[in-house]
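Values reported hereafter were calculated over all heavy atoms of this structure, with side chains retained and with hydrogens, waters and symmetry mates removed. Each chain gets a letter, A, B and so on, in the order the sequences are listed, and its residues count up from 1.
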Amino acid sequence: MVTISSLDVFIQVIINGTLYGCIYGLAAIGLSLIFGSMQIIFIAQGAMMVLASYFTYWFFTLTSIDPLLCFILLLPVFYALGAIIYRVCFKRVARAGKNPTLLLAFGIMVLFERAMALLWSPDTRSVTTDYTTMSLSLGNINISYIRLLVFVIGIAATIIVFLFLKKTMWGKAVRGSSEDPHAAALLGISPVKVATLTFAIGISLAGVAGVAVAMSYPFDPYFGFIFSLKALVAVAIGGMGSVGGAFIGGVLLGLFESLGSYLISSGWADAISYAIFLIVLIFFPEGLFGRSAKKV
Amino acid sequence: MANEEVLRLENISKSFGGVKALNNVSLSLAKKKIVGLIGPNGAGKSTLFNVVTSFYKPDQGRVFLEGRCITGVTPYKICRKGIGRTFQLVKTFTSMTAYENVVVGALYGHKLRGKDAQKSAMEALELVDLADKKDVVTSHMTLSDRRLLEVARALASMPIVVLLDEPMAGLNPTEIVKMLQIINRAREERDMGILWVEHKVDAVFHLCDHVAVLDYGVKIAEDTPENVAHDTKVIEAYLGKEAVKR
Amino acid sequence: MEKKLLSVENVNVFYGDAQAIWDVSFHVNQGAIVALIGANGAGKSTALNMISGFNPPATGRILYEGKSLNNLPPEEIVNRGISHVPEGRRLFKRLTVLENLELGAFNSTDSRKRMKQSLEEVFRLFPKLEDRINQPAGTLSGGEQQILAIGRAMMSQPKLLMLDEPSLGLAPQIVELMFDIITQLREKGITILLVEQNVYQTLRISDYAYVLQTGHLKMEGRGEELLADPDFQKTFLGMVY
Amino acid sequence: MSKQPFLSGKKGVLGVILLIIFLSALPIVLEAEESYFIYFLYISFIYITVAQGWNLVAGYAGQVSLGQHAFFGIGAYVTAMSWDAGLTGYLDPVAMFSSGAIAALLAVIIGLPLLGKLRDDYFALGTLGFAEILRVVFIQGKDITGGPIGIMLPSGRYAGMTPYYYISLGIAVLTLVCIWFLIRSRFGLGFVAIREDEQAAEANGIPLLRSKILAFSIGAFFTGLCGSLTAYYSFHIHPGGVFTLTWGLLPLLMTILGGIGTFWGPVIGAVLLAGVFELANMWMPELHTLISGLFIVLVTMFMPNGVVSLVKGGDGPPFLYRIGPFRSLFGQSNTGRVSDGAYENGAENTIQR
C-alpha cells in the first residue's frame, strides 16, 4: 500500500510540475521571440505577467468579469503595450548594443514593479473563482481544472505562435529578419515594423501567462522577477530563439523543480533551477536541443 | 644570416563543416624577408593567419617559430613568443590614444616595463610616422592612420614575425604608397620576417621576396613575384580559365 | 540613343568618417548589362548599397526612371523595381527555399495572384529550385544558393537587378553557369548592374563597364576595349612585371 | 573643450586632499550622532565603493556583472558569522579584510567558469543566477547561516555614528585610490583593451581570462568590505537583506547614471542617486521607489554615457583618457579631433533605419 500511494504522489508531482512548467513555457516563448529577433533579453517579462495578473484581479473584483474572459480582453491591451514599449524605449537604444538594452529592460522591470506596488499595495493577492478548487480526479490523482486549462492554453498559444511564424507572410518575415536583418531589409521588409510586431507578440504572451498566474497562484508586485528568471532558464534550456524549444524548456524546468522539491526540499527549488541554468549556459550554449530546435 | 628561417608552417589543414579552408599548406619565412600571400576571396588566407596566431586550431599540421613548435599555444602567448599581427577589419582600441594602443603591445606583447615600454612604443610610433599623433584618440583617426597604428602596435611587441592582414584595404593610392614605404622600413630596421596577405597584387609584387598563391585552400604556386606573375595557374585562378585560353 | 534607366551623378559616399566613393558618375541603360569592377575596397559594394538606400550619398544624385532615389527608405526602392542580390548571398538559411522566395515578394503580397505568377516565373527560369522548395536554404550547394538568391530577388519582379559578386566562392564550372544565367536574364528584358572580381568573364558578357579604384572612377568603356587597353591590364590586373 | 574636468594636475590633487580633510572634519563640526547629513555621507561612501567596484568590472573591463549582491552578502555573512562564533570582534579590521578577501576568492572561483565560458549577456545572467543560488544556499543553511532569519549580532555594542562615518570614508578613499592607480597601470590598460576588442587584446599578448578575473575579484573585494561594514551597522544579517538584488542593481544604476567606464562617474552617480533617494524619501515617501525605475529607463534612453559625458562637453571620447605614469614623459595630451563624424556609427546604423 505504501509503495502505491508514493507512486501516486510521484505521478501527482510530475503532473503538477508539467502544468506549472506551462506557465514558464508561456513566458519563455515571448522572451525567446524577442531575443531571437532583436537579441534583447527582456527581463521585464515577469513584470508584464504580473501586470496582467493585476488587471485580471482588478476586473474580477471590481466588475466580476470571469478571469477566463481576461485571456481575450487583455490580448489587445498587451499587444499595444508591447508595441509602445518597443517604439518608445527600445527602438532608440537597440543600436547602442546589448548591455544598454538589458539595462533598459531592467529599468522597465523596476519601474513597473514599483508602480504596481504603489497602485495596488505590495500585499499578496489571489483570484478565487467558483471553479478554483474544482479538480479532476483520476483514482488518487487530482488535477485542478485551472491547471489543466493553463496547460491547454499554453499548448494552444505555442501552436498559434508556431503557425503564425510558419504560415503567415509576417511570420516568415520575423523569422527571416531574425536570421539576417540586413538581407530582410534588402527585400523591403522594414526592420522596425518586424521588431515592433515581435515585441507586441512577446508581451501579449506575457499577458496570457499573467492571466494564467492570477488564476492559479497568489501573487504580489515583485512576483514577476522570479518568473523572468525562470523563463530565461527555460529559453536557455530550449535554445535561444526557438519557440518550441522554449515551451518544452519551460515544461522541463517545471518538472525538474517539482521533482527537486519532492525529492530534496521545496526550499531548494529555485537553486536547482538556477543551477540547471548555469550548467546549460556553460556547457550547452546552444540549448539542450541544439541546432535542430533552432530551426523555428 | 640572410636565410635564417623564423617561421615554418608544415602541412596545415583546416576544415569548417566539411569545407576544406586549408589543404596541406606549407610555408617558410626567413628573417628580413617578406612573403606575400595572395589568392581570390575565400582562398583561405585569413584562415591561415588565424591558425598561425592560434585563434583556430589546425586539424593537421604544425607551426614552428624559430624552430620551436607553437601549435596549440594560446593566442596571447603566441604574441609573447614573437608573432605580431594586424587585422583585415582594423581592430584598434578605439577609446585609447594612439600611444596607449601601442604601449599595450609593448607592455603585454613583450612584457616590457616602465621606460623600456615607453621607448619601445615611441620607436614603433616613429617608425610608422605617427609620433606626432600619439595623443590623438583612435576613434578620431583616419582609416589609414589606424592601419598604421595597428602595425605600430604589433611592432611594439618586438616580434620575430609580423602578419599583415590586408593592410592596404580601403586605402587610397597616396596612402598605399605610404604603407608600402613603412612596410619596407619595418623590414629594414627590424630583425624580423613579414607574412603579408594582400588583395592588391601589384603592391605585394612591389615589395615581396616571395609570393605564395592560395586557391581553394591549396597553395598553387610559390615563387618570386616575376615568376608568379607569369604562372598560368595563377592567372587562371585570378582571371578565370577563359583568360588563359585567350 | 538608348534610354537611361539609372543614372548616378557625382556622388560622394561616406562610411562614418571615411569617404568610400569620390565624385563618381555612371549610368545604366535600359536592357543592358553594366559592370562595376575593381579590387576589394574599391567601393563597388558601397555603390550598390548606396543605390538600394542603405548608405545614401552625402552629395550627388541618383536618378531612376528620371526620378530621384536620394533618401528613400530601402523598402520604397524595392517597390520602385530595384532588386539587390547582396554579396555572400545572405539567404535565410533556416527557412525553406519556398519561404525564401516568398519573402522576396514581401512587398507585393497584397495580391496572391502576383505572388503565384512570380513564383511560376522563377521556377521557369530555375527549374531546379522547384524540386527543392521544402528544403532549408542552408542545405543547398553554393551554386544553388546563388541561384536561389537571384530567384528571391526576381520575386519582386524588378526592372533593375543588382548582383554583387555572384560568382564568389563558386567552383569554376558553376561560375560559367552563373554568367550564362545573367545573360539569360538580360534576354528576358531585365537590366543588370553587375559587381564582379571575375574580370574576364564579366567583361565578356557586359555591354559596358566602369572600373573603380579606391572609390574613384578610374576608367570606363566597352568590355573588349578595356581588355585590349594596356593601361587597364596594368592597373587592374596588377601584373606589372 | 574641457578635457579632464577633475583632478587634472597638481591643483586637482590638492583639491581632492582638501575635500578629504573637509570630510574628515565634518563630524567634529556637525553633531555626528544627530546629523542626517552624516548618515547621508556614510551611505554615499558605501554606494561610491560598491559602484566603483562594479565600474571596474563592467565599465573598464567590459564584463557586466549582475551578481554583485553575492559579494556584498558574502562580506556581510563572513563578518557576522565570525563575530557570532567569537573569532573576531566588533568593527574588527581583520574581520573586515577577511570578508573582502573571501568575497574576492569567491569571485575567482566562480569567475573561472563564468568569465571563461560566458560572454556579454550570458555572463550577466550567469552572475545573476549565481547570486540567486547563493541566496537560496544561505536561506537553507540551517544553523550555520541562521536560515531565513539570519544572524542577530549584539546591538548593544553600537558605538555611535562617528566610527561608521570614518570607516566608510576610509573604505571609499581606499577604493578610489586603488582604482585610480590600477586603471593607470598596465592592468587598467589591459582591461580597457579587452573591453574594446577581445581578439585584438589577445593578439597583443593580454591574457584574457586572467585579466577579467583580476577585475572581477578586485570589484568583489571592495563590495565585500561594504557588506562587512553593513553587518556591523545593522546588527541583523539575513539573506533577504544582504543578498537582495538591490545591492546588485544599485551600483549599476549609479555608475550608468554618472558615466560608466569613467573614474568620477560612479562617484557622481552614487552621490546624486543617494541624494535623490533621500530627498524623495523625505518629501514624497510614496513615490520614492518608483523614481529609481524611472531613472534607469530615462538614463539609458537619453544619456547612455552618463552625467560625466555632459561635463566633458558632448561627444568627446567618454572613456579612459590617458595612462598617467606613461604620459608624464611626453608632456600634455591633446585630444583634438582629426576629422568629423563618429566612425563607430558607420555601417550598422545605415542598416537600422
Side-chain angles (χ1 to χ4, degrees), chain A residues 32-33 35-39 87 91 94-97 161-198 238-246 286-287 289-296, chain C residues 45 48-49 51-55 72-96 98-112 115 134-139 145 148-149 151-158 161-164:
Chain A
S32 168
L33 268 179
F35 182 84
S37 59
M38 278 162 281
Q39 308 288 302
R87 287 281 172 136
K91 198 180 141 195
R95 285 174 204 173
V161 172
F162 198 82
L163 286 178
F164 163 76
L165 290 175
K166 266 285 186 196
K167 297 290 172 196
T168 67
M169 259 338 254
W170 276 103
K172 288 168 194 169
V174 167
R175 285 161 60 211
S177 214
S178 69
E179 201 178 312
D180 189 338
H182 182 73
L186 276 178
L187 301 175
I189 301 167
S190 152
V192 170
K193 280 185 194 160
V194 168
T196 311
L197 175 74
T198 316
M240 291 280 187
S242 146
V243 167
E286 294 273 326
F289 306 108
R291 288 218 145 263
S292 59
K294 263 191 132 180
K295 270 178 195 160
V296 167
Chain C
S45 298
L48 296 196
N49 277 330
I51 297 167
S52 52
F54 284 98
N55 198 1
L72 286 183
E75 53 263 38
E76 181 54 31
I77 288 170
V78 177
N79 283 343
R80 299 262 171 112
I82 299 180
S83 254
H84 181 173
V85 182
E87 185 182 341
R89 313 189 262 277
R90 304 191 81 146
L91 293 171
F92 306 119
K93 294 206 171 74
R94 285 184 245 145
L95 270 57
T96 65
L98 183 62
E99 286 167 339
N100 267 283
L101 290 174
E102 285 173 341
L103 282 180
F106 186 79
N107 274 15
S108 41
T109 38
D110 42 322
S111 118
R112 289 231 145 234
M115 158 94 81
N134 291 319
Q135 217 169 306
T139 63
Q145 290 195 13
L148 176 56
R152 184 176 68 177
M154 292 295 294
M155 287 294 291
S156 60
Q157 305 187 355
L161 188 64
M162 303 196 291
L163 299 169
D164 197 348

Open item on the list: Quick check for you: to the nearest 0.5 Å, what is the distance between A/L187 atom CG and C/E75 atom CD?
Closed with: 11.5 Å

Open item on the list: With rounding to the nearest 0.5 angstrom, report the CG to NZ distance, C/L101 to A/K172.
Closed with: 10.5 Å

TODO: Give the C-alpha distance, both sets of side-chain angles, the deciding distance and a yes or no for side-chain contact (heavy atoms from CB on, under 4.5 Å) between A/H182 and C/F54.
DONE: CA-CA 9 Å; A/H182 182 73; C/F54 284 98; 3.8 Å; yes

Task: A/M169 and C/L103, any side-chain heavy atoms less than 4.5 Å apart - done: yes

Open item on the list: Quick one, A/R175 and C/R94 - any side-chain contact, counting heavy atoms below 4.5 Å?
Closed with: no

For [X] versus [Y], what's the shortest heavy-atom pair and its separation?
X	Y	answer
C/V78	A/L186	CG2-O, 3.1 Å
C/P74	A/A185	CB-O, 4.0 Å
A/D180	C/F92	O-CE2, 3.6 Å

TODO: Could you tell me which of A/S178, A/S177, A/A173 has the largest number of non-hydrogen atom pairs under 4.5 Å with chain C?
DONE: A/A173

Toward chain A, the part of [X] with a non-hydrogen atom under 4.5 Å:
X	value
C/L91	backbone
C/N49	side chain
C/S52	side chain

- [ ] Could you have a look at C/K93, C/R90, C/M155 and say which one has the most heavy-atom pairs with chain A under 4.5 angstrom?
- [x] C/R90

